[in-house]
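All residue numbers refer to positions in the sequence shown, counting from 1. What you are looking at is a predicted structure, and each value in this text was computed from that prediction instead of being measured.
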Amino acid sequence: LLLAEVAIKQREAGGGDVPSSFKEFAESSLQCSTTAQFISSISIFVNWCILAFALPRAGQLASTLLPSAGLDPTLLTVGVAAALTALVSTQTNHSLSRVASGAVTVLFAAFAALLLPGLAAVQDPIGAFLQPGTTCSGDVGCALSSAAPVFLSCMVYQNIVPSVTRLLDYDRRKTTLAITTGSIIPLFMYSAFNLAALGGGLDVSMTTGGPILTAFAAASLLGSSIGGTMGLSDELENAFFKNEPVAEQENVDLDNADDAATTATKASLPSVLMALAPPLVAGSLLASGDGATAALNVAGGYCSPLLYGLLPVVMAAKQRQDEMIKKQDGFNDAAKTRNLVPGGVVSLGVIVQPQELETLRSCLFIGGDLQSLQFRL
């Protein structure tokens, strides 16, 4: 909601439509190119971590589906990466979006087919819900701290909040409803899935879970892999390859600004290779045991708190400070300073937890001179 608040106020202040790119959105809000580059590098690293998790899982899934072939999962992981490279580098963004949309459709259909019978088969829902945890010997605080990085890595969806706000024409009520509902529904879906699995109504083993579970896993891996590769190749294209991507006409008038935004483009092969090579190597090294989740732990433990915990607070605080200065000068419009997130400084302080500040200190210290980098941020 803080991200949406910044976007809405930026629009109302006469700044035009907010950029679709999270990096450009932050740069226009903070007016600092150094911070924008820092954000871009973190975003790239997060997507690398997600692919480092997804690629080995896809290789293991392929090994499960082809037991008679007797192929090593690592070799199949390389094959998945090669197929993904060929797909993303030869198809337009429009075609890839259609593939990803198809994966989402399969994902929800398989999820419903798994969840509804699974919930019905749970013998004691209340008992399953109240059963003590086994991680950290039942210590809830310890278990939550262990799981928090993986949960936080799921917050990467907040990259699209500026775009959603623009699509809803910067309407406060619609934006609040969309973001709140869109956050609550997946939480209930996830909780229901856990209840069905832990309550004994759902078999989540890939070897015995059946074709529906296989379709569910395959669709989720396909969608996240395509989305992550597209996002990475686009960022890397802009950062390292200045040549314009190949454009294909799909009944589009390039002289028209509205139509130009829908021009189909292809990612260059170097940018796709650069997007997939690091996570392929890292994922292969981490594939054994629970090592694959280490990539999500890094993304959620270090990167997500900065991007989706600290950054929105910094942008909102700067914007509110500018509004206070305008108010003192008599140039403030009350209708354009209404906050989506009430509570003032208190609410901003609640979002930035002490561990996030410690993460910031650690990341900045690793990057070089702590005091200088803190000043830049």
Side-chain angles (χ1 to χ4, degrees), residues 49-50 52-65 67 73 103-157 180-225 283 286-301 304-305 308 355:
C49 288
I50 292 174
F53 172 83
L55 290 176
R57 293 295 195 222
Q60 293 171 8
L61 178 61
S63 178
T64 303
L65 295 176
V104 171
T105 302
V106 173
L107 178 72
F108 276 98
F111 185 84
L114 281 170
L115 181 62
L116 297 179
L119 286 175
V122 176
Q123 299 296 324
D124 184 10
I126 303 300
F129 187 81
L130 297 177
Q131 184 177 359
T134 56
T135 303
C136 297
S137 301
D139 184 342
V140 176
C142 173
L144 285 175
S145 64
S146 300
V150 179
F151 293 157
L152 286 171
S153 67
C154 297
M155 295 171 69
V156 69
Y157 83 92
T180 304
T181 306
S183 301
I184 289 176
I185 290 177
L187 175 62
F188 280 121
M189 291 171 62
Y190 179 73
S191 301
F193 188 87
N194 281 342
L195 179 63
L198 299 178
L202 182 62
D203 183 5
V204 293
S205 171
M206 288 307 303
T207 55
T208 60
I212 296 178
L213 182 63
T214 300
F216 174 74
S220 62
L221 290 172
L222 177 63
S224 63
S225 297
L286 296 172
S288 59
D290 295 330
T293 58
L296 297 184
N297 283 330
V298 172
S304 291
Y308 315 118
Q355 60 266 31

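In terms of heavy atoms, L107 sits closest to S220 at CD1-CB, 3.8 Å. Minimum heavy-atom separation, A192 to L119: O-CD2, 3.6 Å. Closest heavy-atom contact between F129 and L195: N-CD1, 4.0 Å. The two atoms that bring A217 and L61 nearest to each other are C-CD2, 4.3 Å, heavy atoms only. Contact between A54 and S225 at its shortest, heavy atoms only, is CB-OG, 3.7 Å. Smallest separation of non-hydrogen atoms from P73 and S63: CG-OG, 3.9 Å.
A 6.0 Å sphere centred on CG of L187 holds more than 12 heavy atoms belonging to other residues, nucleotides or ligands.
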Distance-only criterion, 3.5 Å: show the donor-acceptor pairs between side-chain atoms of residues 108-115 and protein atoms not counting sequence neighbours.
none

Counting only pairs under 3.5 Å, give me each side-chain donor-acceptor contact of residues 140-152, with atom names and distances, residues two or more places apart or in other chains.
from: S145; atom 1: OG; to: G141; atom 2: O; distance (Å): 3.3
from: S145; atom 1: OG; to: C142; atom 2: O; distance (Å): 2.7
from: S146; atom 1: OG; to: C142; atom 2: O; distance (Å): 3.0

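Remark: L55 CG to I50 CD1 distance equals 11.5 Å, nearest 0.5 Å. For the atom pair CG of L130 and CG of D124, the computed distance is 8.5 Å after rounding to the nearest 0.5 Å.
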